[in-house]
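Reminder, nothing fancy here: chain letters follow the sequence lines and each chain counts from 1. Quick note: numbers below take in every heavy atom, side chains included, and nothing from hydrogens, waters or symmetry partners.
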Amino acid sequence: MTKLATGVAFAEFADAVKAAEATAPKTRIFVGMSTCGVASGAGPVYDAIAAELAASGNPAIEVVRAGCVGLCYAEPTVEVQVPGRPVVTLGGVTPARGRELVKELAVAAEPAKPLSVGDAIFKKQLRIALRNCGRIDPEKIEDYIRNGGYVQLAKILDGMKPEEVIATVKASGLRGRGGAGFTTGLKWEYARAAAAAPKYIVCNADEGDPGAFMDRSVLEGDPHSVLEAMTVAGYAIGARYGYIYCRAEYPLAVKRLEVAIAQSRALGLLGENILGSGFAFDLEIKLGAGAFVCGEETALIHSIEGKRGEPTVKPPFPAESGLWGKSTTVNNVETLACIQPILEKGAAWFKAIGTPKCAGTKVFALAGDVKNVGLAEVPMGTTIREVLEEIGGGSRDGRPLKAVQTGGPSGGCIPAEKFDTPIEYDTLGALGSIMGSGGLIVMGQKTSMVKIAHYYMEFSCDESCGKCTPCRVGNRRLYEILERILAGKGKPEDLPKLEELGNVIKDTALCGLGQTSPNPVLSTLRWFRSEYEDCIKNGGVKPPVYTVNDKCIGCRACAKACPVQCIEGALKKKHVIDQSKCIHCGACETKCRFGAIDSE
Amino acid sequence: MPLVNIIIDGVKTQVSSDSTILDAARKVNINIPTLCHLELHNKETVNRVASCRICVVEVEGRRNLAPACSTKVQNGMVIRTHSPRVIKSRRVLMQLLLSNHPKDCLNCYASGNCDLQTLSNDMHTDSNRFEGAHSDFMVETSSESIVRDLNKCIRCRRCETACNDMQTVGVLSGVGRGFDMVVGPAFHAPLEKTQCVFCGQCVKVCPTGALMGKSHVEEVWNAINDPEKVVVVQTAPAVRAALGEEFGMEPGKCVTGRMVTGLRRLGFNHVFDTNFAADLTIVEEATEFIHRLKHGGRLPMLTSCCPAWVKFFEHQFQDLLDVPSTCKSPHEMFGAITKTYWAEKMKIDPAKIVVVSIMPCLSKKYEASRKELSSSGHQDVDYVLSTRELGRMLREAGVDFQSLPDGEFDNPLGFSSGGADIFAVSGGVCEAALRMAAEVISGKELDSVDFEEVRGTKGLRHAHVEIAGMEVNVAIACGLGHARRLLEEVRAGKSHYHLIEIMACPGGCICGGGQPFVDSREEIEVMKKRAQAIYAEDAGKEIRSSHKNPYIQELYKEFLGEAYGEKAHKLLHTGYTSREKL
Ligand SMILES: Cc1cc2nc3c(=O)[nH]c(=O)nc-3n(C[C@H](O)[C@H](O)[C@H](O)COP(=O)(O)O)c2cc1C
Ligand code: SF4
Ligand code: SF4
Ligand code: SF4
């Protein structure tokens, strides 16, 4: 690659990339090869397709190592794009199916057996941050450029004023996707206004919420979108250096970022005098120390400085005093991934998506008791129900859902009766939860909400940095009270105590971790108080009672599965469970193929 | 700074816009309680970690409570410092702190001097409301100077700020996470294994009994009660200016005479004065200085009577071990002379002599255990007690200190010049050395022995004085952070000083780590009063210059021979070891 010394040189390069595509359009087979895809066997699928293609010698078909489309439940996934046709998604692809696919595409315009649910899943979605994920080769800068990448950077460097860039981002209404929802344009404006250089821009790619992987998907599937946005941000606020603070547990993301950075430098899109504009910008990857709290921006800054990853009081905000005391702008990966489309399509376009208070889309990570686990990017204001039922496909056992926990470990649990709430920062807040980074953990009827609260408190206790009293000691005490309640040693006065303590922790903790960590307890107390009361009354969580219903055909599968042999009944006769011997393990329910075991 | 208008608890006031809510409240006499907050020495160092959260207040329009210690005022701010929401939160926070505290006040050395105890008394809240796990750390006693019982630690980080920001030693930091997080050396290393210099500044600022001086009171009582032993006590110059505070007396009252009587009542066989040895130190050190000046020796020369400072450069400036004077510190010289010269004179077997030093310092405890400080053939000093420990012993023995008659030190090791008294204050060693050097070099008596230019409370000072037409540049640092700056100049070859005096503690020994505890907000005032008391002692002495002390002259004549000579070297000088830099 040769350096593109001017904007004109870049335009020529971009045109050449596009022209190549126009003259010889290709059918592309995208194999989802993010960490998750590779873990579920995408590697051999890719190899099989590549080998088959090589053998067939068909130059019109290309196989691409792409990022993840977010359909975790259907991994390994393969998407097929035939020029001029909509993308078709295949799930559960084996190497054999991959070879078949190549043969099919040689003769037919579309592959057979596409994912049937695929359509419904995609219809509700609007992919802005994830636009390129799964649809380009993240290790090829040309792929990114072919989809419009770096064109905006070139345009800006060709004479747009920093203030104009900031004005556009501000007008788009984009709010930070890292959790707090602060208006990105305003953040950039403060940083621009901050006094002397050097200033820094930091991409927060720490993504410590268990179950969250939207940022990883972007980094693995479309790293250049982050690099371009950081460079734009650097230009807008007047920063010359940037850092990407990435979890050390994301080796593939780090590798793809490294490849992307090297390519950008080689093309002259990073470094001195970018495209001859006189603007210089470069960046560096810093590996996270692996603590959840290091995602908090002040802790993250201290970690980059080589200090203990521990939050400090705000103000001063990083925009005023961040890295080494200098103005620092911290932006989340997903936030940055929205910048290029905003610049390309305009602030008004973005602003019109979502709701008046929350423009644009949000990527959610669906997990727990839903059929379709995975990532979904939907416009703000989509209701919880739409996400859980239409995209997620509802509960696995078909029964109504009980609750959903939003916002990661320190989010609250929202009961099913509130599922028609449109998703926005404020609406979730009113329900005692948070948007957080976009985790959605779905809970079915059998979930004990007391156990859920206990589980999340354990997480917060482990992840507290220990600096401030309420979070260090208070969370531990919340956890211990829950433990006592679960062990059957709870007292009625524990409930107001939990509430008082939880509220004081929220009101007095130093950083966002402590200020939100009691949410799981407080929200479950608010919406599911009777479960706590039952727990106290009944001496702990009631174990489920399993009974056999009339659907039983007497196949003896359950009886064989029962480890204590407490299921009786002749072959082809309805079975009975001896409740006095049952150990409530649920093996029978799992084994039964006829839905004949009820649990209460 | 522009002024802003704010309302605190209904009181309208104007404060400078860089004030915190805490500053502003204090201005209108509202005392917001604090635990972790600490302003050291005229705010040169501020512990603003805002970790305890006790100072939270309600600010109109703000979602959560604000920590008053670290929230700046803004124009139009309406603040409530004791609304029901605030009081409830503070009580819960206190209950949480107490839920992980031994609450064993009756067995705690800090009882009566503990911010946690005082505040919980004020709140009178149910200390047992939250039950649960307790920290379970071993009490750490590895060093001779400091005992750490982290089960009492409230994670205020004051010690960390004192050690890292003020002293730049950098031993203490947050270790561990969550409930197990605590403050100490990295990897929970024992203090003895670190580059801690035992200055005790961390002990001084710890609001609880988590950090304490190690007590040697028991050993000293045993020695006193051992009929086989001859127990000799010496008192550092700084002790007399502060001991009264242990008995509720005003700071700045010198209690030399009462102290002497009190020590006799405790049963010490001979009550001597470290001051005597301070004079001896000056004779050796000034002679060394003159020697280096005249013979092109290593300059600047650094003083060496502060053991914390000595350990500091042994760890951090291993390349400069030839810069400090080789003189032992005064109480070590005293020990060496007592177990040789005095033992011979008194015909006492030195093995039977127990030398006890009463010191304003915790580092002296460690120093006394340094193996090489045994030129007398025995460990030169056996036990070191801090001023606080002496206060405790006197109280335990039922000595009514305030009404004690004045006593006189025993001789010959109890007589001293004014030059010895001022060892207690920052700048004093330098001044005493100049008093002698000036007269020796010029061969003339000084008109005035007061070198006002080297006095003061600032952490870093310099002056030049003329001695016989020669310009002598001196610098004085108290506090190791300041010392580091001077040392870095020396390392870079940019130091133009001839003599540098360094004390590890701000203000010098009068504010040492073993002195009576003082509220940090009053420390500067107390420091000044103690210093005044010392300068008054000096001014009241007939003999002001060390080399004119007749007993010192006699010591050289009868025993040591020449100053800075062979015997003096053997007994009174030492060498330095390079130590690991962690
Ligand atoms: C405990 C805690 C963990 C956080 N973790 C992350 C994280 O992993 N990624 C992230 O982008 N923001 C995280 N944040 C939010 C950041 O502090 C910060 O607000 C964000 O990175 C700003 O970027 P944005 O404005 O683009 O959202 C966390 C906050 C807290 C309190
Ligand atoms: S709230 Fe928790 S994580 Fe945040 S500073 Fe306090 S102890 Fe650390
Ligand atoms: S004694 Fe001094 S050097 Fe040692 S830990 Fe305390 S403050 Fe630091
Ligand atoms: S040891 Fe003392 S000063 Fe240090 S953090 Fe603990 S309580 Fe605070």
Side-chain angles (χ1 to χ4, degrees), chain A residues 289-294 299 302 307-316 320 429 458-484 489 493-494 497-498 500-517, chain B residues 20 35-36 48-58 62-72 74 85-101 116 129-135 153-157 160 164 173-183 186:
Chain A
F292 174 57
V293 73
C294 284
H302 300 313
K307 298 190 193 139
R308 183 177 153 87
E310 185 179 83
T312 40
V313 219
K314 294 189 280 190
E320 216 180 304
E458 184 173 9
F459 178 87
S460 291
C461 286
D462 286 348
E463 294 301 329
S464 158
C465 78
K467 182 172 183 175
C468 68
T469 312
C471 177
R472 180 185 67 248
V473 192
N475 281 334
R476 177 67 176 238
R477 299 300 175 235
L478 279 181
Y479 172 77
E480 287 165 340
I481 295 173
L482 291 174
E483 199 155 61
R484 284 200 293 273
K489 292 182 198 139
E493 56 276 25
D494 283 339
K497 201 164 169 177
L498 282 174
E500 183 183 339
L501 179 53
N503 283 319
V504 169
I505 296 171
K506 285 185 72 153
D507 216 7
T508 60
L510 192 153
C511 86
L513 194 155
Q515 287 161 15
T516 52
S517 56
Chain B
T20 61
L35 278 176
C36 64
R48 214 192 283 287
V49 293
S51 66
C52 74
R53 317 304 285 177
I54 283 289
C55 70
V56 286
V57 295
E58 208 170 331
R62 185 176 153 132
R63 178 177 49 90
N64 56 355
L65 298 178
C69 69
S70 53
T71 308
K72 291 256 165 75
Q74 274 170 10
R85 181 174 159 208
V86 168
I87 294 288
K88 184 182 79 184
S89 296
R90 280 195 200 135
R91 282 191 188 157
V92 168
L93 290 167
M94 178 53 86
Q95 288 158 356
L96 289 174
L97 283 173
L98 295 176
S99 75
N100 185 29
H101 193 82
L116 185 69
R129 178 153 180 237
F130 294 104
E131 297 158 348
H134 271 248
S135 296
C153 172
I154 58 167
R155 284 76 167 168
C156 69
R157 319 289 280 270
E160 183 180 340
N164 299 1
S173 66
V175 267
R177 316 181 49 77
F179 189 73
D180 299 324
M181 177 264 172
V182 80
V183 184

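Looking at heavy atoms from C-beta onward, A/Lys467 lies in side-chain contact with B/Val49 at the 4.5 angstrom threshold. Proximity of B/Phe130 to A/Arg476: side-chain heavy atoms (C-beta onward) are nowhere separated by under 4.5 Å. The shortest side-chain heavy-atom distance between B/Arg63 and A/Gln515 falls under the 4.5 Å cut-off. Between B/Arg85 and A/Val504 there is no side-chain heavy-atom pair separated by less than 4.5 Å.
Between the side chains of B/Arg177 and A/Ser464, not a single donor N or O lies within less than 3.5 Å of an accepting N or O.
Of the listed residues (A/Glu480, A/Glu463, A/Arg477, A/Lys314), the one with the most heavy-atom contacts under 4.5 Å to chain B is A/Arg477. For the options B/Thr71, B/Val175, B/Leu97, B/Val56, heavy-atom pairs under 4.5 Å to chain A are most numerous at B/Leu97. Of the listed residues (A/Leu501, A/Asp462, A/Ile505), the greatest number of heavy-atom pairs within a distance under 4.5 Å of chain B belongs to A/Leu501. The candidate with the highest count of non-hydrogen atom pairs below 4.5 Å against chain A, out of B/Ser99, B/Ala66, B/Cys52, B/Ser70, is B/Ser99.
Summarising the geometry of B/Met181 relative to A/Gly466, their closest heavy-atom pair is SD-O, 3.2 Å, with the distance given to 0.1 Å.
Ion pairing between A/Glu500 and B/Arg129 holds under the 4.0 Å rule for side-chain N and carboxylate O. Under a 4.0 Å N-O distance rule, the pair A/Glu310/B/Arg157 qualifies as a salt bridge.
Proximity to chain B is absent for every atom of A/Thr312, based on heavy atoms less than 4.5 angstrom apart. When heavy atoms are compared at a cutoff of 4.5 Å, B/Ile154 approaches chain A solely by way of its backbone atoms N, CA, C and O. No part of A/Lys307 comes within reach of chain B, as not one of its non-hydrogen atoms sits under 4.5 angstrom from that chain.
Atom OG1 of A/Thr508 is separated from atom CG of B/Leu96 by 8.0 Å, given to the nearest 0.5 angstrom. We find the OG1-CG distance between A/Thr469 and B/Leu93 to be 6.0 Å, quoted to the nearest 0.5 Å. From A/Asp507, atom CG reaches atom CD of B/Glu58 across 8.0 Å, with rounding to the nearest 0.5 Å.
In terms of modelled atom types and a separation under 3.5 Å, the side chain of B/Arg155 and the main chain of A/Cys468 share no donor-acceptor contact.
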